[in-house]
Colleague: 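Okay, here's the structure, questions in a sec.
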Amino acid sequence: MFSKILIANRGEIACRVIKTARKMGIKTVAVYSEADKQAEHVLMADEAVYIGPAPSAQSYLVIDNIIAACKKTGAQAVHPGYGFLSEKREFQEALAAAGITFIGPDAHAIFAMGDKIESKKLAREAGVSTVPGFLDVIHDPEEAVKIAREIGYPVMIKASAGGGGKGMRLAWNDDEAREGFVSATNEAKSSFADDRVFIEKFIEQPRHIEIQVLADSFGNTVYLGERECSIQRRHQKVIEEAPSPFLSPEMRKAMGEQACALARTVNYKSAGTVEFIVGGSTGQFYFLEMNTRLQVEHPVTEMITGLDLVEWMIRIANGEKLTFTQDEVKLDGWAMEARIYAEDPFRNFLPSTGRLTRYQPPQEGNHVRVDTGVAEGGEISMFYDPMIAKLITHGPTRDAAINHMRQALDEYYIRGLSHNIPFLASLFSKDRFVKGDITTNFIAEEYPHGLTADQIPTEEPSDLIAVAAAMKRRIIERNVRISGQFPGHEMKPPVQWSVYFDKQYHDVDVHPAPGGYAVVIKDEAVEVKTDWQVGDPLIRATVDGRPVCVQVDRTGVSFRLSHAGLRAEAFVFTRRTAELYRLMPFKLPPDMSKYLLSPMPGLLVRLMVEEGQEVKAGEALAVVEAMKMENTLRAERDTVIAKLHANAGDSLAVDQKIIEFAA
């Protein structure tokens with residue numbers, strides 16, 4: 001077995017590989033860029049080597065720097081993780097030439113299956129059902145329009161070397177095909193140093209289902225069930241689960257056997273994933289692509305099979321044989337994975353960068369797993385993917401896995417930047433999701449205007465009112481004890497309060513009760529039991545016997561409460577203070593509607609307008625790049641451009657003025 005391996009990646013996947021290597025007694029080497037000097041994977045590894053400036057094209061994508069790090073540290077093998085160089089044939093070949101083992105398939109398999117265009121050609125030749133499309137290189141926007149018309153709208157424009165939702169655009173007409181070709185090409189070049197794109201028919205109402213395969217160098221190939229990956233936003237997976245609520249045992253077997261057959265055609269060795277697009281009404285499946293690497297969502301497969309895929313990748317690369325057959329692969333229970341991203345779901349999911357001033361993931365155990373590459377005080381950089389962590393839950397049934405996920409999301413405490421936990425909490429509460437009625441259009445259909453207040457699950461406000469009242473009582477009792485002014489605590493905290501919550505005042509009475517408090521709201525008693533201590537960001541309680549976990553931040557005289565995706569301010573006053581607070585003036589925020597503001601920190605790539613130009617609602621105004629993704633900003637109404645406040649090439653801060661409109 002290898003004594004030392006290098007992980008040619010960063011973030012959570014680097015930490016994930018390090019954990020398995022440590023379990024196997026293998027020493028690890030991390031590599032890092034200027035932006036990652038204090039990153040978690042650097043601190044976890046036995047050794048770390050600097051490989052270049054923050055941009056990935058100057059660090060994590062530089063093959064010579066990775067090989068130099070291997071030679072410097074004596075690493076015998078390299079695990080590529082996913083993204084970056086994981087599907088680059090040139091990387092595997094360069095490692096082989098240097099006598100270093102690549103923990104993954106050989107160069108032939110990477111080229112044949114890792115390239116989206118070549119893999120589809122090979123699949124067609126092998127008789128595998130593929131989506132209709134044009135698989136040759138497209139040179140310019142007008143050629144893209146011509147091809148799209150021939151295929152028939154809607155079409156998907158995709159980067160040949162793509163992955164992770166980057167370099168993908170859906171087009172319903174000629175204008176979108178032109179614009180999509182330009183954006184997909186730019187993203188492909190920026191993310192993968194390969195600007196080739198192709199076009200294929202977009203299957204409406206599709207499900208995205210993938211088969212995990214594992215193959216050794218002795219001709220043994222098995223499939224480890226499927227993953228349902230249909231919950232996507234902007235072609236980026238958000239939630240994955242295993243198994244799929246859609247597949248029958250017969251369909252699972254057919255897809256699994258086809259995936260294995262495809263892997264055998266290229267003599268595949270290692271872990272890999274064959275992705276299929278499945279018609280929701282017909283059940284017909286089409287080969288989409290093969291990922292010749294470890295997938296982001298691999299933990300759900302590990303949870304239901306009990307197998308460590310990273311360990312098997314290392315063992316296969318070391319020349320070992322699979323120790324189990326297809327008949328011995330058993331699926332146990334159900335697993336869910338939610339991707340925790342640094343993005344603002346209330347602002348159209350725009351990326352959020354900054355420092356994690358507070359970071360407390362839920363406690364891991366039999367039902368909860370957290371794969372992360374950050375810690376409190378760490379930074380989410382604008383240079384890389386905005387993923388904070390992957391939250392994985394497991395249960396004997398799908399409903400159980402969902403319930404564990406809801407609880408774990410309530411316990412995930414993140415401060416310092418925006419994150420998508422409110423969106424995830426909303427999504428897991430949707431009846432349609434709970435029923436398993438999902439397609440890749442789910443988010444677009446259920447959240448047509450993004451995440452809004454009415455999309456947050458609505459629960460009885462009495463739960464949070466009672467919790468806020470109990471917290472206030474606990475704080476006052478603590479202050480009384482600390483002050484020492486009242487020996488024996490003869491002076492009792494107020495009993496009658498008024499809680500301002502959800503834009504309403506609620507009169508409450510709070511009385512001590514065994515294990516907590518009895519809170520009376522509108523003549524109805526609510527029992528709150530909790531061992532919460534002042535300063536704890538989570539209040540774990542039972543409200544009338546129901547377990548509740550609420551995140552709390554104290555902001556002066558109020559509590560900011562977060563629960564099940566809901567974020568609300570709760571003010572707990574004496575009755576007299578509440579009367580006076582009603583008289584306080586409210587300062588309106590300034591009107592910024594006449595400006596186009598940068599919705600995120602990023603680079604202003606293009607300005608499409610000039611001063612004095614008339615624009616129509618929906619017309620593209622500017623393109624801002626952040627987290628390697630291009631975001632097109634459009635006019636919300638017919639107007640005239642009065643002034644440009646920024647120029648192409650400028651680095652923008654969030655809410656920085658870009659364009660001023662005529663009044």
Side-chain angles (χ1 to χ4, degrees), residues 1 12-13 15-26 79 81-82 103-104 209-216 218 220-229 239-245 247 249 252-253 255-257 259-260 263 268-274 291 293-318 320-339 361-372 389-405 408:
M1 178 52 67
E12 65 86 15
I13 189 57
C15 294
R16 161 73 187 89
V17 175
I18 290 170
K19 287 179 181 178
T20 287
R22 183 179 294 165
K23 180 184 70 174
M24 298 175 70
I26 301 172
H79 195 298
Y82 51 73
I103 302 175
I209 297 176
E210 58 190 33
I211 303 292
Q212 176 72 58
V213 298
L214 201 58
D216 62 23
F218 299 90
N220 301 304
T221 306
V222 297
Y223 63 92
L224 308 179
E226 80 284 356
R227 295 186 288 259
E228 172 81 61
C229 304
I239 292 174
E240 302 96 354
E241 60 182 298
S244 165
L247 260 61
R252 176 179 298 118
K253 185 173 185 291
M255 293 176 72
E257 290 177 349
C260 288
Y268 195 85
K269 298 182 288 290
S270 192
T273 299
V274 180
N291 289 296
R293 54 171 168 79
L294 193 67
Q295 289 280 90
V296 179
E297 57 273 19
H298 75 275
V300 292
T301 297
E302 294 182 326
M303 296 290 270
I304 66 168
T305 62
L307 298 170
D308 185 328
L309 294 181
V310 172
E311 179 178 348
W312 272 111
M313 291 181 74
I314 295 172
R315 292 193 180 281
I316 291 169
N318 192 52
E320 297 184 28
K321 186 177 183 179
L322 289 178
T323 57
F324 57 90
T325 64
Q326 186 65 61
D327 291 340
E328 294 175 303
V329 175
K330 305 299 180 186
L331 306 184
D332 176 29
W334 217 285
M336 293 276 170
E337 176 177 298
R339 303 188 186 192
Q363 185 173 357
E364 296 188 71
N366 292 333
H367 303 296
V368 178
R369 167 177 165 178
V370 181
D371 282 15
T372 186
K390 300 181 308 197
L391 178 60
I392 307 101
T393 59
H394 180 265
T397 65
R398 189 171 187 269
D399 286 345
I402 290 174
N403 288 335
H404 288 309
M405 179 63 74

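Along the sequence shown, residues are numbered consecutively beginning with 1. Since this is a predicted model, take the numbers as computed values, not measurements.
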Colleague: Using every non-hydrogen atom in the two residues, find where N318 and M1 come nearest and quote the distance to one decimal.
Modeller: ND2-CA, 3.5 Å

Colleague: Answer whether the closest heavy-atom distance between the side chains of L224 and L309 falls below 4.5 Å.
Modeller: yes

Colleague: Identify the two heavy atoms, one from P243 and one from I304, that lie closest to each other, and give their separation to 0.1 Å.
Modeller: N-CD1, 4.1 Å

Colleague: Are any of the side-chain nitrogens in R339 or E240 under 4.0 Å away from the carboxylate oxygens of its partner?
Modeller: yes

Colleague: Could you walk me through whether D332 and K330 satisfy the side-chain contact (heavy atoms from CB on, under 4.5 Å) test, starting with their C-alpha distance in whole Å, then the side-chain angles of each, then the deciding distance to 0.1 Å, before giving a yes or no?
Modeller: CA-CA 6 Å; D332 176 29; K330 305 299 180 186; over 6 Å; no

Colleague: Surrounding NZ of K321 (heavy atoms of other residues, nucleotides or ligands, distance under 6.0 Å), is the total greater than 12?
Modeller: no

Colleague: Please report the closest heavy-atom contact between I316 and A215, naming both atoms and the distance.
Modeller: CD1-O, 3.2 Å

Colleague: Counting only heavy atoms from other residues, nucleotides and ligands, does the tally under 6.0 Å from NZ of K253 exceed 12?
Modeller: no

Colleague: Mind checking the OG1-NZ spacing from T221 to K269? Nearest 0.5 Å is all I need.
Modeller: 10.0 Å

Colleague: More than 12 heavy atoms of other residues, nucleotides or ligands under 6.0 Å from CD of Q363: yes or no?
Modeller: no

Colleague: Distance from R227 atom CZ to E297 atom CD, nearest 0.5 Å?
Modeller: 5.0 Å

Colleague: What distance do R293 atom CZ and Y82 atom OH have between them, rounded to the nearest 0.5 Å?
Modeller: 9.0 Å

Colleague: So, E226 side chain and I209 main chain: donor-acceptor pair closer than 3.5 Å or not?
Modeller: no

Colleague: Grab the two heavy atoms, one from A408 and one from P362, that are nearest each other, plus how far apart they are.
Modeller: O-CG, 3.7 Å

Colleague: Please walk me through it: do T323 and W312 pass side-chain contact (heavy atoms from CB on, under 4.5 Å)?
Modeller: CA-CA 10 Å; T323 57; W312 272 111; 3.5 Å; yes

Colleague: Find the distance between CD (E320) and CG (D216) and round it off to the nearest 0.5 Å.
Modeller: 10.5 Å

Colleague: So, the side chain of E241 versus the backbone of E228: is there a donor-acceptor pair under 3.5 Å, distance only?
Modeller: no

Colleague: Would E210 and T301 count as a side-chain contact (heavy atoms from CB on, under 4.5 Å) if you check the C-alpha gap in whole Å, the side-chain angles of each, and the deciding distance to 0.1 Å?
Modeller: CA-CA 11 Å; E210 58 190 33; T301 297; over 6 Å; no

Colleague: Determine whether P361 and T372 make a side-chain contact, defined as any pair of heavy atoms from C-beta on separated by less than 4.5 Å.
Modeller: no

Colleague: What are the two closest heavy atoms between M405 and L391, and how far apart are they?
Modeller: CE-O, 3.3 Å

Colleague: Check H394, E302, E337 against R369 for a side chain to side chain donor-acceptor pair (under 3.5 Å) and give me the one that passes.
Modeller: E302

Colleague: Got a second to check how far T20's OG1 is from D308's CG, nearest 0.5 Å?
Modeller: 3.5 Å

Colleague: Does T393 reach the main-chain N or O of A401 with its side chain, forming a donor-acceptor pair under 3.5 Å?
Modeller: yes

Colleague: If we ignore hydrogens and angles and just use 3.5 Å, is the side chain of H298 paired with the main-chain N or O of Q295 as donor and acceptor?
Modeller: yes

Colleague: With side-chain contact (heavy atoms from CB on, under 4.5 Å) as the test, would you mind laying out the steps for L307 and F324 before giving the verdict?
Modeller: CA-CA 11 Å; L307 298 170; F324 57 90; 3.7 Å; yes

Colleague: If I compare all heavy atoms of W334 with all of P245, which pair ends up nearest, and what's the gap?
Modeller: CZ2-N, 3.8 Å

Colleague: Please report the interatomic distance CZ(R315) to CG(L322), rounded to the nearest 0.5 Å.
Modeller: 11.5 Å

